[in-house]
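FYI, side chains are in, hydrogens and waters are out, and symmetry mates aren't considered; it's all heavy atoms of this structure.
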Amino acid sequence: MYETILSPVDYGGLRLKNRILFAPTTFGLSDEETLAKYRALAEGGCAMIIVGDVPVGKSRFEKSLFDAKGFAFYQQLAEIAHAADCKLCAQLHQSDSDLLAMFKYLPAVLTKKLTPDQLREKLNDAVGPYITKLPKRKLQTILDGFGKAALLARQAGFDMVQVHGDRMCGSFSSALFNHRTDEYGGSAENRARFAVEAVRAVRTAVPEMPIDYKLAVRQEDPHFGNAGVAEEELSVFVPLLEQAGVTSFHVTLANHSALEDTIPPASHPYFGQPGCFLKFCDEVRQYTALPLCGVGGLNDPDFVEQQLASGRIQCAAMSRPLLADPDLVNKLKNGQAAQIHRCVRCNKKCLGGLMAHQGTRCIYDALRAKEA
């Protein structure tokens, strides 16, 4: 019944055992608990785990490939994934947050005069000026970092790298944020330059490694997302990224707005329907023959099978459905689809838990613990 989901696929030069990927996710948990989550996902049968927010330099806030402790963590994660015949992808990113602005608001956050949502809004407001004024020498250091991070990722055991097309790549891509007057700003071709050069840096560093690109798309009617590529500019960005070395596209909605838009609950006024971001895949398909991975509202295996079987997408990325039931793929394989704990897109313990600084969890956690 789920022949396409369970069939192998060549995803941009990397052979995957099935079509289900774990989408990049921030956990906000201890290392021990995070590794346990990843182990459950790998052993549950998904074909590849995309590890979110792997920085392209040293970091005080995230696990970095550039320090011994971070590198060892990723090595351990690769061993866990590969032991379960699961591939591993590193999502390489550079933050576009202005750290000086963040420190300025820190006292208000600590005294709870500023909520996390209010802080996010203020930091988003600071992105445009930060990107516009960033010196070229700093840009070159960051771009070099993409190549260095890709090389370290391969050495740590990753099978693929994904260039994060939101964050700094996305803010450079967006005319809403990027008001530069040099070769990195202005026309769509110029605003694509930073992302293209990031991909080229990766391709130069690891010529044989598949490169996925998280293609964040901005919608204007109605308006959702602020960074990323405007729908009408996909015809410029997609071919340039492919020429630079991208081998597959992970297509989603652009961020830098409310998190409930990019992680939409079932009650979302616009993105509540199944496969809520797949229309962006349809638009991207007009400009490339490369494999596409869809994401967003893919909590019904029957629906996912239909989208894959039709060729609309080649892979389906999920976070919340696999957090709800890490054994989702194994249950499909074993004819136990009726026993899957289905994500209801409530956002209570996943996004809600993260925002409450309790870590990304799921309403089904207690039930699964009893079953174990």
Can you tell me how the ring of Phe271 sits relative to the ring of Phe280, calling it parallel under 30°, perpendicular over 60° and tilted otherwise? tilted
With a 4.5 Å limit on heavy-atom distance, are the side chains of Thr204 and Pro207 in contact? no
Under 3.5 Å: donor-acceptor pair, side chain of Gln91, backbone of Val54: no
Measuring only between side-chain heavy atoms, which start at C-beta, is Tyr270 closer than 4.5 Å to Gln219? yes
Treating Asp166 as the side-chain partner and Asn255 as the backbone partner, does any N or O pair qualify as donor plus acceptor under 3.5 Å? yes
Can you get from Phe277 to Val304 by hopping between Ile, Leu, Val, Met, Phe, Trp and Tyr side chains that sit under 4.5 Å apart? yes
Is Glu283 paired with Lys279 through a side-chain N to carboxylate O contact shorter than 4.0 Å? yes
Output the distance between atom NE2 (His93) and atom CD (Gln162), rounded to the nearest 0.5 Å. 11.5 Å
So, are Asp53 and Arg167 salt-bridged, with charged N and O less than 4.0 Å apart? yes
Are any non-hydrogen side-chain atoms of Leu322 and Cys46 less than 4.5 angstrom apart? yes
Compute whether any side-chain donor of one residue and acceptor of the other, for Asp96 and His256, lie under 3.5 angstrom apart. yes
Answer yes or no on whether Lys63 is positioned over the face of Phe73, meaning its NZ or CZ is under 6.0 Å from the six-membered ring centre and within 45° of the axis. yes
Rounded to the nearest 0.5 Å, the CG atom of Leu14 sits from the CE atom of Met209 at a distance of 9.0 Å
Are the side chain of Asn178 and the backbone of Phe172 linked by a donor-acceptor contact shorter than 3.5 Å? yes
From CA spacing to verdict: side-chain contact (heavy atoms from CB on, under 4.5 Å), Leu241, Phe249: CA-CA 10 Å; Leu241 290 165; Phe249 287 100; 4.1 Å; yes
Could you check if a side-chain atom of Leu143 sits within less than 4.5 angstrom of a side-chain atom of Glu197, using non-hydrogen atoms only? yes
Got a donor-acceptor contact below 3.5 angstrom from the Arg191 side chain to the Gly186 backbone? yes
Backbone N or O of Gly225 within a donor-acceptor pair of the His223 side chain at under 3.5 Å? yes
Single-linkage hydrophobic cluster, 4.5 Å side-chain cutoff, Leu176 and Leu215 together: no
Measure the shortest side-chain to side-chain distance between Leu88 and Met48 over non-hydrogen atoms and say whether it is less than 4.5 angstrom. no
I'd like to check Ile131 versus Tyr184 (side-chain heavy atoms, cut-off strictly below 4.5 Å). Are they in contact? no
Taking NZ in Lys331 as the centre, count heavy atoms belonging to other residues, nucleotides or ligands within less than 6.0 Å. Is the count above 12? yes
Report the distance from atom NE2 of His341 to atom CG of Asn299, rounding to the nearest 0.5 Å. 15.0 Å
Short side-chain to backbone donor-acceptor contact, Gln314 and Leu292, under 3.5 Å: yes
Under the salt bridge (Lys or Arg N to Asp or Glu O under 4.0 Å) rule, what do Arg312 and Asp282 come out as? Steps first, then yes or no, please. CA-CA 7 Å; Arg312 188 181 190 186; Asp282 299 337; 2.7 Å; yes
Which distance, rounded to the nearest 0.5 Å, do you find between the CG of Leu290 and the OG1 of Thr288? 3.5 Å
Assess whether atom NZ of Lys333 is packed by more than 12 heavy atoms of other residues, nucleotides or ligands within 6.0 Å. no
Closest contact, heavy atoms only, Ala156 versus Ala78: O-CB, 3.6 Å
Arg342 side chain reached by Asp325 side chain, heavy atoms, under 4.5 Å: no
Decide yes or no on side-chain contact (heavy atoms from CB on, under 4.5 Å) for Val163 and Gln94, but give the supporting numbers first. CA-CA 9 Å; Val163 173; Gln94 169 64 39; over 6 Å; no
Scanning both residues in full, the closest heavy-atom pair of Tyr364 with Ala324 reads CD1-CB, 3.7 Å
Among the clusters formed by ILVMFWY side chains lying less than 4.5 Å apart, do Leu332 and Val9 turn up in the same one? no
Just wondering, more than 12 heavy atoms not from Gln286 lying within 6.0 Å of its CD? yes
Does Glu208 CD have over 12 foreign heavy atoms under 6.0 Å away? yes
Counting N and O atoms only, with roles assigned by atom type, does the side chain of Asn330 sit under 3.5 Å from a partner on the main chain of Gly44, one being a donor and the other an acceptor? yes
Ring pair (Phe, Tyr, Trp, His ring centres under 6.0 Å) evaluation trace for Phe27 with Tyr38: CA-CA 10 Å; Phe27 283 111; Tyr38 280 129; 5.3 Å; yes
Please find the pair of heavy atoms, one from Cys169 and one from Phe146, that lie closest to each other, and give the distance. SG-CZ, 4.2 Å
Could you report the tightest heavy-atom contact between Ser64 and Lys58, atom names first, then the distance? OG-CA, 3.7 Å
Under 3.5 Å, side chain of Asp365 to main-chain N/O of Arg361, donor-acceptor pair present? no
Could you tell me whether the side chains of Thr25 and Ser319 share a donor-acceptor contact shorter than 3.5 Å? yes
Distance check, rounded to the nearest 0.5 Å: Lys214 atom NZ versus His164 atom NE2? 4.0 Å
Sub-4.5 Å side-chain heavy-atom contact between Leu65 and Gln155: no
State the CD1-SG distance between Ile49 and Cys89, to the nearest 0.5 angstrom. 11.0 Å
Looking at Pro55, is its backbone amide N or carbonyl O close enough to the side chain of Ser59 to form a donor-acceptor pair, meaning the two atoms are under 3.5 Å apart? no
Determine yes or no for a side-chain-to-main-chain donor-acceptor pair under 3.5 angstrom, with Ser174 supplying the side chain and Gly170 the backbone. no
In plain terms, say whether Asp182 and Arg180 are close enough for a salt bridge, that is, a side-chain N and a carboxylate O under 4.0 Å apart. yes
May I have the step-by-step check of salt bridge (Lys or Arg N to Asp or Glu O under 4.0 Å) for Lys136 and Glu183, ending in yes or no? CA-CA 10 Å; Lys136 278 197 210 177; Glu183 67 268 32; 3.0 Å; yes
Take atom CZ in Arg285; do more than 12 heavy atoms of anything else shown fall under 6.0 Å from it? yes
Can a side-chain donor-acceptor contact be found between Thr4 and Arg19 if the only test is distance below 3.5 angstrom? no
Specify the closest pair of heavy atoms between His250 and Pro24, including all atoms of both residues, with the distance to one decimal. CE1-CD, 4.2 Å
Pair Gln140-Asp144, side-chain donor/acceptor within less than 3.5 Å: yes
Could you go step by step and tell me if Val199 and Tyr213 meet the side-chain contact (heavy atoms from CB on, under 4.5 Å) rule? CA-CA 8 Å; Val199 172; Tyr213 189 86; 4.0 Å; yes
Which heavy atom in Gly294 sits nearest to a heavy atom in Leu278, and how many Å separate them? CA-CD2, 3.8 Å
Go through Asp212 and Thr247 one step at a time and tell me if the side-chain contact (heavy atoms from CB on, under 4.5 Å) criterion holds. CA-CA 6 Å; Asp212 195 34; Thr247 58; 5.9 Å; no
More than 12 heavy atoms of other groups within 6.0 Å of Lys148 NZ: no
Parallel, tilted or perpendicular: which fits the ring planes of Phe224 and His268, with parallel below 30° and perpendicular above 60°? tilted
Salt bridge present between Arg218 and Glu232 (N-O < 4.0 angstrom): no
